[in-house]
Protein chains: 2
Amino acid sequence: MRNKQSRIKDIAKKAGVSTGTVDRVIHNRGEVSPSTRKKILAIINELDYQPNLLASTLASQKLHHFAVLIPAGSNHNPYWEAPLKGVIKAGEELKAYGVRLDIQTFSQNDINDFRQKGEVLLKNKPDGLLLAPVFFSESKKFLIKCQQHDLPLTFIDTQLDYKRSIRFIGQNSCQSGHVAARLLGMGNPKDASYLVFNITSEKDQLYHFTERYKGFKDYFLLRNLPVNISVHDIHTQGIEELVSILKIALNKNELIAGIFVTGSKVYRIARALKQLGIQNIRLLGFDLVPQNMELLEEEMIDFLISQQPEEQGYQGIQTLYSVIVQKQTVDPVKYSAIDIITRENISHYLNCS
Amino acid sequence: MRNKQSRIKDIAKKAGVSTGTVDRVIHNRGEVSPSTRKKILAIINELDYQPNLLASTLASQKLHHFAVLIPAGSNHNPYWEAPLKGVIKAGEELKAYGVRLDIQTFSQNDINDFRQKGEVLLKNKPDGLLLAPVFFSESKKFLIKCQQHDLPLTFIDTQLDYKRSIRFIGQNSCQSGHVAARLLGMGNPKDASYLVFNITSEKDQLYHFTERYKGFKDYFLLRNLPVNISVHDIHTQGIEELVSILKIALNKNELIAGIFVTGSKVYRIARALKQLGIQNIRLLGFDLVPQNMELLEEEMIDFLISQQPEEQGYQGIQTLYSVIVQKQTVDPVKYSAIDIITRENISHYLNCS
DNA sequence: TAAAGTGCCGTGTGCGCACACGAAGTTCAC
DNA sequence: GTGAACTTCGTGTGCGCACACGGCACTTTA
């Protein structure tokens, strides 16, 4: 048990060759006769040789260049600050391993910005890319260029078809809709009524919105619950439209048991409800952005569903490293946890360090 | 931006001394005149020198010895398999950094086993210890011996008073009781009735049970909800006692809105309910052990609250390393997230790799 | 004044590995 | 049978750091 890790030198001695030859075998650099190669491989296997990563990265002064292309966080939608934080954390950790990040964030409202930043990144010939392809068709075009560079990449948040895709890291949106349905539906009559709001200003997110709604609806369908769901798509910024829709819905005979907001703008519904003086309708939305956290604290929002965005950014970079540098293999899809946040457990989801 | 990390050699050249002198300053090994020392420190500051961890650990062939003393997982209570898994994972990662783990698990029913394993560990003079002090008074005695060795340690699961305590990693049990109350109480009438079960076979866990119950009760108190809570302490193994208690409770006039099990044995209540053919009572308990997961799947259990046990083990070891070896400082308490698990999101909490 | 002691510092070696360079041995053409 | 080309392998150096050793200048002691 106490025998130290075996080194290249040990293998060499045992095989009766020099360390250089062993090294050539390990790195498949040829110039080794088949017989000695076979002998050395056998010994490597026998000793269960694990290369010393420290010494290895220290000696090979290689630099690895990873590009990051994700939306910028804004006051209006600070969500993307979290993945960025994770990316930076991973970057710090991997700095000693010769990893250099080239991070570009683009405005969520500006397709041209996305295109420009993308081109800047590709110019530097990165060894890998972390991409959040929130603009669907523009991302498609961008991926064609990536293909030309034979650039391996990981997706976060949204997944697109790409030949050299290493991994998708993000939420199973349909399943998070299921969770939402359970939390909103719990304890309510079988034929309760629910409101669903898709509140969007940017073009992106549409995919997640529809998938979440699908999951929500299917939950009740699968259980044969004859619920009443009315969906509202909101594109305006003000609160007036929301207030009037809520007013109309509440004036109907049926009881509204819960409100499902398919994205992070749930705080706007909460404010509208506040304005109307309504407290007793269960409200659920997504993402731990400050506005939501505040209203969760006030109990105007009952549940938030989060997807560990910081972890996604972190894993995105770590995955690039372990696959591109360490040549490991990973599952092509990694779904993030669907965290259920209430006023009572929110504190544990804040400093994820 | 493209300047490489500065090295000891750079500092030496800039200060007009040799690398040996710089090294002596960095490691406070004396034998340096105050004036050159000051000069070197200034340059280190100016260049924002960060030692290359790879080279550093590679050169100093130090071995660090960490001991681990936690309960063994059993068929009866497999919970502790999870922290162990985390411990082992951290051990693998730190192997290259010269960390060696000495892991001892003890039977949860056998105080003597705990004592013996503890003595074995101390004999090897570890540099640090990860301890789960589930036996209260015996752990106290053990800590006195640790004190004599001036042994730094991290606690997981339960915290005790100890001078050289580095960190406690575990759940805020009171707060998890709050979460339980919200999930069980949601949508129920103000004066609903709840059953609470403390199911214990071992002596441990008592602390968590009472804290969780306290949090549960306080939730309703704080909101002035005149709920009706009846508590049952269970020490038997069979299902009969549970069935009869449930029968009696259900025959009363009041409606039972939810059942709160303060520990991981919630599956036993679920089985009793199943036997009685009762479906519509909300049931909540703790920990992702296989029995519970199965019944969550069947929707006999509505919620499980988990505390990231694998992460706790992992963090416990990582903390030892960063504090003892890397001389970093950490908060004395690190509460784990209070995960809310339902049938719909359980899959994301299984393979935490 | 020589010997012994002290403060301060430079040099050299090695950690395990990557990789360049060059030295043997072998094959082949003429 | 001689040189060229190729195959196969060993040696040496350096990555950034830790640490042992020894050396120089100066002071103290007899």
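Here is the naming used below: chain letters follow the sequence lines, and residue numbers restart at 1 for every chain. Note that the structure is predicted; figures quoted are calculated from it, not measured.
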>> For A:A59 and B:T21, find the nucleotide of DNA chain C closest to each by heavy atoms; which residue's nucleotide sits nearer the 5' end?
In response: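 It is B:T21 whose nearest nucleotide is closer to the 5' end.
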> Can you give one letter per nucleotide of nucleotides 22-27 of chain D, going 5' to 3': B for a protein heavy atom under 4.0 Å from the base, S for sugar-phosphate only, - for none?
Replying inline: ------
Reckon [X] touches a base, only the sugar-phosphate, or nothing at all at heavy-atom distances under 4.0 Å?
| X | result |
| --- | --- |
| A:D23 | base |
| B:T57 | nothing |
| A:I8 | sugar-phosphate |

> Taking atom OH of A:Y49 and atom CD1 of A:I40, what is their separation to the nearest 0.5 Å?
Replying inline: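 A:Y49 OH to A:I40 CD1: 12.0 Å, rounded to 0.5 Å.
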> For the atom pair CD1 (A:I317) and OG1 (A:T154), what is the distance rounded to the nearest 0.5 Å?
Replying inline: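 If we round to the nearest 0.5 Å, A:I317:CD1 and A:T154:OG1 are 6.5 Å apart.
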From [options], pick the nucleotide closest to the side chain of [X]?
| X | options | result |
| --- | --- | --- |
| A:A55 | C:dC17, D:dC17, C:dC15 | C:dC17 |
| B:N52 | C:dC19, D:dC17, D:dC9 | D:dC17 |
| A:V17 | C:dC9, D:dG10, D:dA18 | D:dG10 |
| B:S60 | C:dG16, C:dT11, D:dA18 | D:dA18 |
| A:V32 | D:dC9, C:dC9, D:dA18 | D:dC9 |

What is the distance from [atom1] of [X] to [atom2] of [N], rounded to the nearest Å?
| X | N | atom1 | atom2 | value |
| --- | --- | --- | --- | --- |
| A:R29 | D:dT8 | CZ | P | 15 Å |
| A:R7 | C:dC15 | CZ | P | 7 Å |
| A:I26 | C:dA18 | CD1 | C1' | 10 Å |
| B:I44 | D:dG16 | CD1 | C1' | 15 Å |
| A:K13 | C:dG16 | NZ | C1' | 14 Å |
| B:Q61 | C:dC15 | CD | P | 7 Å |
| A:H27 | C:dC17 | NE2 | P | 10 Å |
| B:K95 | C:dG16 | NZ | C1' | 16 Å |

Indicate whether OP1 or OP2 belonging to [N] is found under 4.0 Å from a side-chain N or O atom of [X].
| X | N | result |
| --- | --- | --- |
| B:S56 | D:dA18 | yes |
| A:Y49 | C:dG16 | no |
| B:T19 | C:dG10 | no |

> Among B:E311, B:Q307, B:Q308, B:Q312, whose side chain to side chain donor-acceptor pair (under 3.5 Å) with B:S336 holds?
Replying inline: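 Of the listed options, the one satisfying the test is B:Q312.
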>> When you compare the side chain of B:V134 with that of B:F114, does any pair of heavy atoms fall below 4.5 Å?
In response: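 They are not in contact (no side-chain heavy atoms under 4.5 Å apart), so the answer is no.
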>> For the backbone of A:P126 and the side chain of A:N124, can you confirm whether one donor and one acceptor N or O come within less than 3.5 Å of each other?
In response: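 No; zero donor-acceptor contacts below 3.5 Å.
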>> A:Y314 vs A:E310, test: side chain to side chain donor-acceptor pair (under 3.5 Å). Steps then yes/no.
In response: CA-CA 6 Å; A:Y314 180 82; A:E310 183 177 335; over 6 Å; no
Could you go through residues 324-331 of chain B and list every donor-acceptor pair under 3.5 Å that involves a side-chain atom there, pairing it with any protein atom two or more places apart or in another chain?
residue	atom	partner	partner atom	Å
B:Q326	OE1	B:Q328	NE2	3.2
B:K327	NZ	B:I324	O	3.3

> Taking for each residue the nucleotide of DNA chain D bearing the nearest heavy atom, is the 5' side occupied by B:K9 or by A:R37?
Replying inline: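 Result: A:R37.
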> With sequence neighbours excluded, what pairs up with A:H27 under the side-chain hydrogen bond (donor to acceptor under 3.5 Å, both in side chains) test?
Replying inline: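 For A:H27 the side-chain hydrogen bond (donor to acceptor under 3.5 Å, both in side chains) partners, ignoring immediate neighbours, are A:D23.
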